Amino acid sequence: MASDSRDANPTLKRCLGVLRDAKNDSEQFAALLLVTKAVRAGEVDAKTRRQIFDAIGFTFPNRLLTSRQPPDGCPQHTFQALSLTLLACFCTDPELAGHSQVLNKIPTFNDILLSPCSPDSTSMVDDVYQCLSAVLATSRGPRELVTKGTVSALCQAYINGNYGSDRALKLLLGLLAVAEVKCWQREASHLLAVLSKLSSDFVKTEDITKFELCEILPHFIPLSPPLTQDLQGCECLHRLYKGLSDILGSKLSQSQRDPALKLAACLVQACGSEWIPAGKAGSKFLALLVNLACVEVRLTLEEPDPLEVEGKKEVVTACYVLIEMGIQECLREEKPLLEEVQKVQLMRIMEEAFGAVIFYLRQVKQEDLQDPFIFASVRILGAWMAEETSCLKQEICELLPFLLHYAKKLFKEGSSAVSLPQPELVSSQGSALPQDALRFLLPGFCHLTAEDRPRDILISEGAPALLCEYFLHQWKVLISKPQSLTLLTSTEMSLQTMCGIFLNLAVTAPELIRQDKSFSSLMDTLLKYLPLLLPQKDQLVLAANICTLGLMMARILAGSAVLQETRSAKEFFRAAILFLSQAHTAHAEPGSHSSAMAVAPAYTSAWADIRELWFLGMQALAACVPLLPWLPQAVLQARWLEALSHLLTSVAPASVDLELVAAFQGVLVELSRASEQCQAVILAHHGMEWANLHGMAALEQCLAEQ
């Protein structure tokens, strides 16, 4: 190829001159034939290509493209073919490829892909693919291709086996890589048809193509909507299961196994374990899958050569997804896919894999902390710590300083950025988004703060202050009312888990709550949060957590300024009394004259999650009464004593269990001791009678001492 326009083909230079000076279409056409011949022969460099464009622009190719009558003796599509050759030539310039005059021809390109292709029109199809590939590489291109129907055209070209169908598949892969969600939103049926063909080929083929398809198939598995919602999707999933079962049940080389594991991980990401059928074959396959993933993790992460690990990060990240599924399946009680023996075996194998993850993380250098693979490794370790704290406890304790340092670094770097939901699988290529490692570590920290040694390590490494700051950050995310339901749910879960951590600290380390200023700020925030949260009926579990935590901390921080009959303190306790007082109601028993104590309808669906919190909240409220002299007055204003007297009078004693009796009695005794007014209200509402009826001896004695 010529290095510049001075060395260009002399004939081509003459043709350019003719194109510039042509007086009629015949002269232009003759010169154009020679130009396109040179273009097809590859005799055009960048400067010459620009000269061609400057000589004819888009006007002449546009006319050719719309001309229907070819010259005498020429094939039917002569004009179109010439136009497309010129456009393909122009599109090798990225600036021209993104020009509106090229983008507005996308529908024409699509039509050509779907038209019958004769031997003399194959060059047109080649040129169209060259144009489309160039458009895809531009900034506006992917959006234009999706909105102008190219996904559908490419799908049909591939399924029908049209000329160049391999290039159609390659272009589809490129489009899905940059605009997957939009592609599936607009063209789900066509993409599903491609997946159906690919999955059929995957099952049938018995040669190297099977492993090549392992590389291609993940691009056609959408995260949403799940394939399990569609009959054709379910059929595809079954074929993929069958094909993977054949592969992984055979003796494989490394290069064959890796793509298969990545495809399996992609299916887990999209559908959980639903693509694996129940029964012996399915459970055997699932166990094999997790086993292979654990072996891969150990072989890679126990490797002393860092370069060896570097090349395997993508497949190990996929293995993490499979192992996380293994954890979930080992814990699954309803319709489990695994038998008990398999669960025990897998837990032991996974423990060895997590030993390798910990070993790897202990070698991480400060300069490597931005590596997304570190994030993926911390995330999967968090999933293990959330469910299994007895295994590897010593190793996890030794790693805690690193985990906290890492989580703090990412939080500090990301908290100023917009909070976004984290993808379930962290890509080995990384992400520009801030990664929230702390979210995945919280459940494990909740378990660990209940134990002396790990709790001491977490405290000494500054976890309480970090968690208080993170709590405030997550609350801001919650009240900003984001559109994403996924983000909202994960934010609520994080806040609830942090409440669990702080409750553990309130019970086991009250001095820390008193001394660490972070908890004074947290207390101040909790006082403001509960009144805002309680009216949101769909957030009752979070409200229960915040109410109970606030009461437990108020018991410890009763002497602080913020709890000295301030407006925020009064509003918090008013909301707390409302939450505690409305949890139970009298339920009329069918065929009986008496009523029974029952959980209030508004609390029923969440009661399993909030029952223990309610009882703990009652204990904490009772403990607060003698410490906050203004609190009995707040109870009187809420008219809880009257409501409780009515409730205990109207229900059959046999329907009130001993734990509930103790909870009510604990609060009533403290109120009666602290306030003559409270005692008077209880007595005025037959307190002696119903205290005797429900076996509240301590309350009876307290009332009798008046």
Side-chain angles (χ1 to χ4, degrees), residues 1-2 5 8-9 11-20 22 25-138 141 150 153 157 162-164 167-168 171:
M1 185 179 289
S5 58
N9 186 319
T11 307
L12 186 58
K13 289 183 72 176
R14 277 200 310 275
C15 291
L16 289 174
V18 172
L19 279 170
R20 277 192 298 269
D25 284 355
S26 298
E27 289 182 12
Q28 275 197 329
F29 182 66
L32 196 58
L33 280 174
L34 291 171
V35 169
T36 51
K37 186 177 180 182
V39 167
R40 284 176 181 157
E43 295 173 8
V44 179
D45 62 11
K47 288 184 180 178
T48 310
R49 179 185 60 231
R50 197 72 201 197
Q51 285 183 326
I52 296 171
F53 179 73
D54 291 341
I56 64 173
F58 283 114
T59 306
F60 201 66
N62 288 348
R63 284 174 57 199
L64 289 171
L65 203 56
T66 55
S67 298
R68 294 292 170 217
Q69 189 62 42
D72 292 338
C74 292
Q76 184 184 353
H77 300 294
T78 298
F79 283 148
Q80 274 189 308
L82 289 173
S83 175
L84 290 168
T85 300
L86 288 170
L87 289 171
C89 172
F90 296 162
C91 282
T92 54
D93 181 332
E95 188 180 336
L96 295 178
H99 195 284
S100 59
Q101 287 281 1
V102 172
L103 298 179
N104 66 22
K105 291 175 181 58
I106 290 173
T108 303
F109 297 155
N110 298 341
D111 291 342
I112 291 167
L113 290 186
L114 296 177
S115 301
C117 180
S118 59
D120 62 354
S121 61
T122 55
S123 64
M124 289 172 57
V125 177
D126 289 334
D127 288 336
V128 163
Y129 277 121
Q130 186 171 329
C131 291
L132 290 174
S133 298
V135 169
L136 176 61
T138 65
T150 302
N162 293 6
Y163 173 77
R167 295 177 73 177
L171 262 172

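Everything numeric in this text was worked out from a predicted model, so none of it was measured.
For the pair N162 and L113, the minimum side-chain heavy-atom distance is 4.5 Å or more. Residues L171 and T150 have side chains not in contact (no heavy-atom distance under 4.5 Å, counting atoms from C-beta outward). Between D126 and R167 there is a side-chain heavy-atom pair separated by less than 4.5 Å. Looking at heavy atoms from C-beta onward, Q130 lies out of side-chain contact with L87 at the 4.5 angstrom threshold.
One distance of note links CG of L65 with CZ of F109; it measures 7.5 Å at 0.5 Å rounding. Atom CG of N104 and atom CD1 of I106 lie 8.5 Å apart (nearest 0.5 Å). We find the CG-SG distance between L96 and C131 to be 11.0 Å, quoted to the nearest 0.5 Å.
Heavy atoms only, all atoms of each residue included: L86 and P61 are closest at CD1-CG, 4.1 Å. A pairwise comparison of heavy atoms in A97 and L103 identifies O-CD2, 4.1 Å as the closest pair. Between V102 and C91, the shortest heavy-atom distance links the atoms CG1-SG, 3.7 Å.
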### Query
Given the rule in the side chain to side chain contact (heavy atoms under 4.5 Å, CB included) test, do N110 and V128 qualify, once you have shown the distances and angles that lead to the verdict?
CA-CA 8 Å; N110 298 341; V128 163; over 6 Å; no
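Applying the side-chain contact (heavy atoms from CB on, under 4.5 Å) test between Y163 and each of S118, C117, P119 identifies C117 as the sole match.
Between F90 and F58, the two ring planes are perpendicular [angle over 60°; tilted spans 30° to 60°].
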